[in-house]
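Here the structure comes first, spelled out in structure tokens, and everything after it is commentary.
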Amino acid sequence: MSETAAGRGWGGQDVRRELHSELLEINMGPQHPATHGVLRLLVRTDGEIVHGVTAHIGYLHRCAEKIAEGCDWRQWMVYTDRFDYLAPINMNFGYAVAVERMLGVQVPERAEHIRIICAELQRIASHLIAIGTFGLDMGAWTPLLYCFREREEILNILERLTGGRMLYNYFDIGGLRFDAYDGFERDVLAFVNIMEQKIPEYDTLLSYNKIFIERTADVGVIDLATCLAYGCTGPVLRGAGVPFDCRKDDPYSIYDRFEFDIPYGEGEQGTVGDCWDRYMVRMREMYESCRIIRQAVDALPGGPVKAEDLKKLVKVPQGSLYTRTESSKGEIGYHVFADGGSKPFRTKVRSPSFSNLHVIEKVGPGMMLSDLVATVGSLDIVLGEIDR
Amino acid sequence: MEATAIHALLQSRFGDAVSDYVDGFEKGSLVAAGRVAEIAAFLRDDPALGFESLMCLTGLDWDGYDASGKGKSVDILGYDELGRPQASDRVGDGDLGVAYALYSHRHGHKHALFVRVPRAAPEVASTAAVWPTAAWHEREAWDLVGIRFAGHPDLKRILLDEDWEGHPLRKDYVMPGAWQGVPLDGRDYAACKWDESGVTLPDDVKRPDDVKQPEGSQRPEGSQRPESGNQG
């Protein structure tokens, strides 16, 4: 049982002992707005109190890892878009870095900078959805609309840049598919200027709203030991009080050149590792992303955006490598096994939401049913990458 | 700690259970399938190693792996070059394997463990008791590659349906032409007849019963189809 106020009556008595009924099995999902996709949670409840949670996944399974066996190395990039469809650029980034490390390719400076600008824009867009829909789960309709207003600006920039609004397929092994358009820097800076003013607006709307704090502080506490054991990463791990971020602790690309901080949960409104902490980590990460984008735009050099010495049909040397990068949801890892040919022999995708969702079976029991909704919302899962 | 030192430490502790040092893009140790769990517990609990985090667990099929480095891996079976269903009599050989990618937050070092098991008896000791996150990754490895994990608390399919035949990430897996009456191969839908009784497939579309999946595709003991309450 979690150490929360859940299950306490008005007089502080333990209602779990006094009021209990038969265990009832209910399905939350697969068609349920609070499960953020086609996820089915089989919940065993005693009245309002959760006694057991079993997650059933696989509704979106496409076996992209089998498809990889039939594509060549470059072709599979387009399938990585479809894992986390709210942050496809971050998924592309991980795969590109994984293959480039094995090939030993040096990505041109300009491509690295544009990659980081895109990845951080995408991180903001993904966090905006996470925050907006989390508010929605908690009964706050308005912030979602504000979040979509800013996300729209990001999508417009990415659409001008790549041609796509949802799935971009913009990264390529060894660089980018094509260069940025004229005025890209201007658009990005204009957006960042607006975005930095909007974050305090979300704070007044949602973060420090009394009802929101009541619903999220001290709820769904996931402590550090549980996070490590269950492989939770990203805002879930940072919410538990550890400033661990692959961008700093396992650096890739050129993140080591930029100055930014890693926000982490401090239990300001309740316990360290509660839903509010996870939420607030995302909110503060948007500031940090804006900081990175400013530095990357300032330092954006000219030059090519593709590695020149790379053939069209790349052949990755024999061997295996696990590469991880930081997506908006956590650590996206590609465990790539190459046999020297033009096709991936085996590519395992270790998706952050997969491990982040697993923990719900551990922390769910003992909660009130409404807190389960809050906890699932605060994990920010995307079923596309869980099911792959 | 350097990967070579970790390997030497493991070897001095576990003897024959830790064989080769793997020196590729990632550094690691080849270990015996039956003793992974105790090696894992040692890796986690030893203060000098401190691998409290399992980053990734990958199940894979080494069938068709070209050791010469030319990379002539097996194509996906079940279709001809025009996308028509095609039977395959290819018999898989080569081992199955599991790879573990470990990371220590305390010391900031990484290590990989590799396990190879014979295709006829693919059984690996489960590490779910050491790293709980392994429970789902092992279910996925069972589901997609067909590796059994001894001592797993609840080894059943996770991404595919409970009654799916075969393990898709095996190299000798043959794509079924249809599943529960639904054509899967993206071929001529106009050739299917639709009426009140459902869909009638053309004669040359394989049904799951026609496709013979390799040995070891059966459900493990103790894992039954879930009760009716689970069926939503």
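Per chain, numbering begins at 1; letters A, B, ... match sequence-line order.
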*asked:* Show every salt bridge (Lys or Arg N to Asp or Glu O under 4.0 Å) that has at least one partner inside residues 237-249 of chain A, sequence neighbours left out.
replied: A:Glu120-A:Arg247, A:Arg238-A:Asp245, A:Arg238-A:Glu285, A:Arg238-A:Glu326, A:Asp245-A:Arg247

*Please flag which part of B:His137 lies under 4.5 Å from any non-hydrogen atom of chain A: side chain, backbone, both or neither.*
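The answer is both parts of B:His137.
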
*Side chain, backbone, both or neither: which part of B:Leu57 has a heavy atom under 4.5 Å from chain A?*
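Just the backbone, heavy atoms under 4.5 Å.
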
Out of [options], return the one with the most heavy atom pairs under 4.5 angstrom to chain A.
options: B:Leu54, B:Ile158, B:Val22; value: B:Ile158
options: B:Gly24, B:Ala135, B:Pro168, B:Ser53; value: B:Pro168
options: B:Gly59, B:Ala112, B:Gly28; value: B:Gly59

*Residues A:Glu69 and A:Lys343 bridged, charged N to O under 4.0 Å*: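 Result for this pair is no, no salt bridge flagged.
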
*Residue among A:Arg346, A:Glu361, A:Glu331 with most heavy-atom pairs under 4.5 Å to chain B*: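 Among the listed options, the one with the most contacts to chain B is A:Arg346.
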
_Residue selection (most heavy-atom pairs with chain B, distance under 4.5 Å) from A:His358, A:Lys66, A:His61, A:Lys348_ =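 Max contact count across the listed options: A:His358.
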
Name the region of [X], side chain, backbone, both or neither, that has any atom closer than 4.5 Å to a heavy atom of chain B.
X: A:Phe244; answer: side chain
X: A:Pro30; answer: neither
X: A:Leu60; answer: neither
X: A:Glu65; answer: both
X: A:Ala338; answer: backbone

*Less than 6.0 Å separating the ring centroids of B:Trp136 and A:Phe354?*
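Yes - the distance between ring centres of B:Trp136 and A:Phe354 falls below the 6.0 Å cut-off.
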
*Between B:His111 and B:Tyr100, is the ring centre distance below 6.0 Å?*
no

*salt bridge (Lys or Arg N to Asp or Glu O under 4.0 Å), paired with B:Asp61, selected from B:Lys171, B:Arg116, B:Arg119*: B:Arg119

*Given B:Arg157, which of B:Glu140, B:His167, B:Arg139 fulfils the side-chain contact (heavy atoms from CB on, under 4.5 Å) condition?*
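When B:Glu140, B:His167, B:Arg139 are each tested with B:Arg157, the side-chain contact (heavy atoms from CB on, under 4.5 Å) holds only for B:His167.
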
*asked:* Test of understanding: with salt bridge (charged side-chain N to carboxylate O under 4.0 Å, His left out), list the residues that count as partners of B:Arg106, not counting sequence neighbours.
replied: B:Glu52

*Start with the C-alpha distance between A:Thr226 and A:Asp223, add both sets of side-chain angles, then the distance that settles side-chain hydrogen bond (donor to acceptor under 3.5 Å, both in side chains), and finish with yes or no.*
CA-CA 6 Å; A:Thr226 314; A:Asp223 61 18; 2.4 Å; yes

